[in-house]
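The structure under discussion appears below in the form of structure tokens.
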There are 2 protein chains.
Amino acid sequence: MRIGELSERSGLSRDAIRFYERIGLVGSQRSPNGYREFGAETVPWLDYVRTAQRLGFSLAEIGRHGEELRESPDSAEALSALFAEKIALVDAKMAELAALREELADRAGTGCPLRPDGS
Amino acid sequence: MRIGELSERSGLSRDAIRFYERIGLVGSQRSPNGYREFGAETVPWLDYVRTAQRLGFSLAEIGRHGEELRESPDSAEALSALFAEKIALVDAKMAELAALREELADRAGTGCPLRPDGS
DNA sequence: CTTGACCTTGGAGCGCACTCCACTGTTTAC
DNA sequence: GTAAACAGTGGAGTGCGCTCCAAGGTCAAG
């Protein structure tokens, strides 16, 4: 599929996709005319990228994770270990959020929360 | 307290604190000599800012939340409502993380996950 | 009364993640 | 065959969240 279709299907702009290609986050073949050709798997991959990104991972991190996954010998064990790592990362983030949530809930009880003024 | 002490106590650079002041994220009094004077509450506030930021909130969002909280009539009900809102936001983020976690876990089972290449 | 640590204000620069633009080439539809 | 819709490149610009720097003012210790 060419960049326009991928753009529509992924919800990302053409420019963003070209940018992602430059930084190695997505790959593509080139048609004889120079047009980029993307495989169908690129759509779920970009979905994943967007999700991970919205959750606070940088493109560099996401790219590294993807590379690690691709470079791992595809024995189920190694793969599982990598996923376990990523899941631990996600769990850590969730724990932080839970802490923030509690902090908010706690302060909801007290009189004077969260004052940015230095007064 | 002056900016140096606040910097040490909050773990933020002086420059970052000055930047936060410029964008209205922290307030300060000025001593006759022009030095910034920060109140003790600024430390937990900056802690909160850092946490919220690490969890994906922009400084603008954090500032807006803080303002809303300060501007709310300090009746316990209004305050609680605001906190409930923020907590819902946090909950939404947690749900997203849970979904990502599941996606990762699911793919851990399948053979070929997450391929950025358009091949 | 100087030294040094602290503070001030601009303003420039940087890394990230794009976006926009101008100009050019290719393909498709009528 | 020409117009529209698509593709390509390079480079500038943007907003965020800072960092770094130069030039200077303030203040306590020796």
Side-chain angles (χ1 to χ4, degrees), chain A residues 1-40 42-43 45-67 93 96 116 118, chain B residues 1-40 42-43 45-67 93 96 100 116 118-119:
Chain A
M1 122 191 50
R2 289 177 308 184
I3 201 168
E5 191 184 343
L6 181 58
S7 168
E8 261 186 51
R9 292 224 269 159
S10 67
L12 289 163
S13 73
R14 286 143 212 255
D15 276 335
I17 294 167
R18 284 191 271 258
F19 173 71
Y20 286 1
E21 196 202 29
R22 270 224 312 289
I23 65 170
L25 202 54
V26 288
S28 64
Q29 313 291 120
R30 291 298 179 119
S31 307
N33 57 18
Y35 287 11
R36 289 170 183 86
E37 269 301 324
F38 298 95
T42 311
V43 176
W45 167 247
L46 287 180
D47 265 19
Y48 168 79
V49 168
R50 268 163 65 79
T51 307
Q53 196 190 3
R54 207 174 49 257
L55 294 173
F57 298 96
S58 72
L59 295 185
E61 282 174 316
I62 298 168
R64 273 198 302 280
H65 297 173
E67 253 182 65
K93 250 176 211 292
E96 285 193 83
Chain B
M1 117 191 56
R2 287 176 311 182
I3 201 166
E5 190 183 344
L6 181 58
S7 168
E8 262 186 52
R9 292 223 269 160
S10 67
L12 289 162
S13 72
R14 287 143 212 254
D15 276 336
I17 294 168
R18 284 191 271 257
F19 173 71
Y20 286 2
E21 197 202 30
R22 270 224 312 288
I23 65 171
L25 203 53
V26 287
S28 65
Q29 313 291 121
R30 291 300 178 117
S31 305
N33 56 18
Y35 288 12
R36 288 170 184 84
E37 268 300 326
F38 298 94
T42 310
V43 177
W45 167 246
L46 287 180
D47 265 19
Y48 169 78
V49 168
R50 267 163 67 79
T51 306
Q53 196 191 3
R54 209 175 47 257
L55 294 174
F57 297 96
S58 70
L59 295 185
E61 282 173 316
I62 298 168
R64 272 197 303 280
H65 298 174
E67 252 181 68
K93 251 176 209 291
E96 284 193 83
L100 183 65
S119 56

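Values below: every heavy atom of this structure, side chains too, minus hydrogens, waters and symmetry copies. Just so we're on the same page: letters track the sequence lines, and every chain starts at 1. Remember, predicted model here, so these are calculated numbers, not experimental data.
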- Between B:R18 and C:dT8, is there a side-chain N or O to OP1/OP2 distance below 4.0 Å? yes
- Query: Pick the nucleotide of DNA chain D nearest each of A:I3 and B:A60; which residue has the one closer to the 5' end?
  - Reply: A:I3
- Does A:I3 offer a backbone N or O that forms a donor-acceptor pair with the side chain of A:S7 under 3.5 Å? no
- Taking OP1 and OP2 of C:dT28, is either one under 4.0 Å from a side-chain nitrogen or oxygen of A:R2? no
- Message: Classify B:I23 by what it touches in the nucleic acid, base, sugar-phosphate, or nothing, heavy-atom distance under 4.0 Å.
- Response: nothing
- Query: Can you name the side chain to side chain contact (heavy atoms under 4.5 Å, CB included) partners of B:E21, sequence neighbours left out?
  - Reply: B:V26, B:S28, B:R30, B:R36
- Nucleotide C:dA17, atom P - distance to CZ of A:R50 in whole Å: 14 Å
- Tell me: CG of A:L12 to P of C:dT19, nearest whole Å? 8 Å
- Heavy-atom pair with the smallest gap, counting every atom of A:F38 and A:R2: CD1-C, 4.2 Å
- A:Y35 side chain N/O closer than 4.0 Å to the phosphate oxygens (OP1, OP2) of C:dG25? no
- Message: Taking only side-chain N and O atoms of A:N33, does any of them lie within less than 4.0 angstrom of OP1 or OP2 on C:dG25?
- Response: no
- Minimum heavy-atom distance B:M1-B:V43, with the two atoms named: CE-CG2, 4.0 Å
- Task: Have a look at A:R30 and say if it touches a base, only the backbone sugar-phosphate, or nothing, with a 4.0 Å heavy-atom cut-off.
- Result: sugar-phosphate
- 5'-most contact on DNA chain C: A:L59 or B:G34, nearest heavy atom basis? B:G34
- Query: How would you label the contact of B:S13 with the nucleic acid (heavy atoms, under 4.0 Å): base, sugar-phosphate, or nothing?
  - Reply: sugar-phosphate
- Item | Rounded distance (Å) that lies between atom C1' of C:dT26 and atom CD of A:E37 | 14 Å
- Task: Starting from P on C:dG10, measure out to CZ on B:R22 and report it in whole angstrom.
- Result: 9 Å
- Note on the structure: Outer limits of DNA chain D sitting under 4.0 Å from a non-hydrogen atom of chain A, read 5' to 3', are D:dC6 to D:dT9
- Spacing between B:R36 atom CZ and C:dC6 atom P, to the nearest angstrom: 17 Å
- Message: Whole angstroms only, please: what is the CZ-C1' distance between B:F19 and C:dG13?
- Response: 14 Å
- Query: CZ of B:R14 versus P of C:dT9: gap in Å, rounded?
  - Reply: 14 Å
- Task: Check ring pair (Phe, Tyr, Trp, His ring centres under 6.0 Å) between B:F19 and all other residues, then give those that pass, not counting sequence neighbours.
- Result: none
- To the nearest Å, give me how far apart CZ (A:R54) and P (C:dA17) are. 15 Å
- Closest approach of A:Y48 to A:I62 (non-hydrogen atoms, all atoms of both residues): CE2-CG2, 4.3 Å
- Nearest heavy-atom contact between B:S31 and B:E37 is OG-CG, 3.3 Å
- Message: Taking the minimum atom-to-atom distance to the side chain of A:D15, which one of C:dC18, C:dC7, C:dC21 wins?
- Response: C:dC21
- Message: Can you confirm whether more than 12 heavy atoms, excluding those of B:E8, are under 6.0 Å from its CD atom?
- Response: no
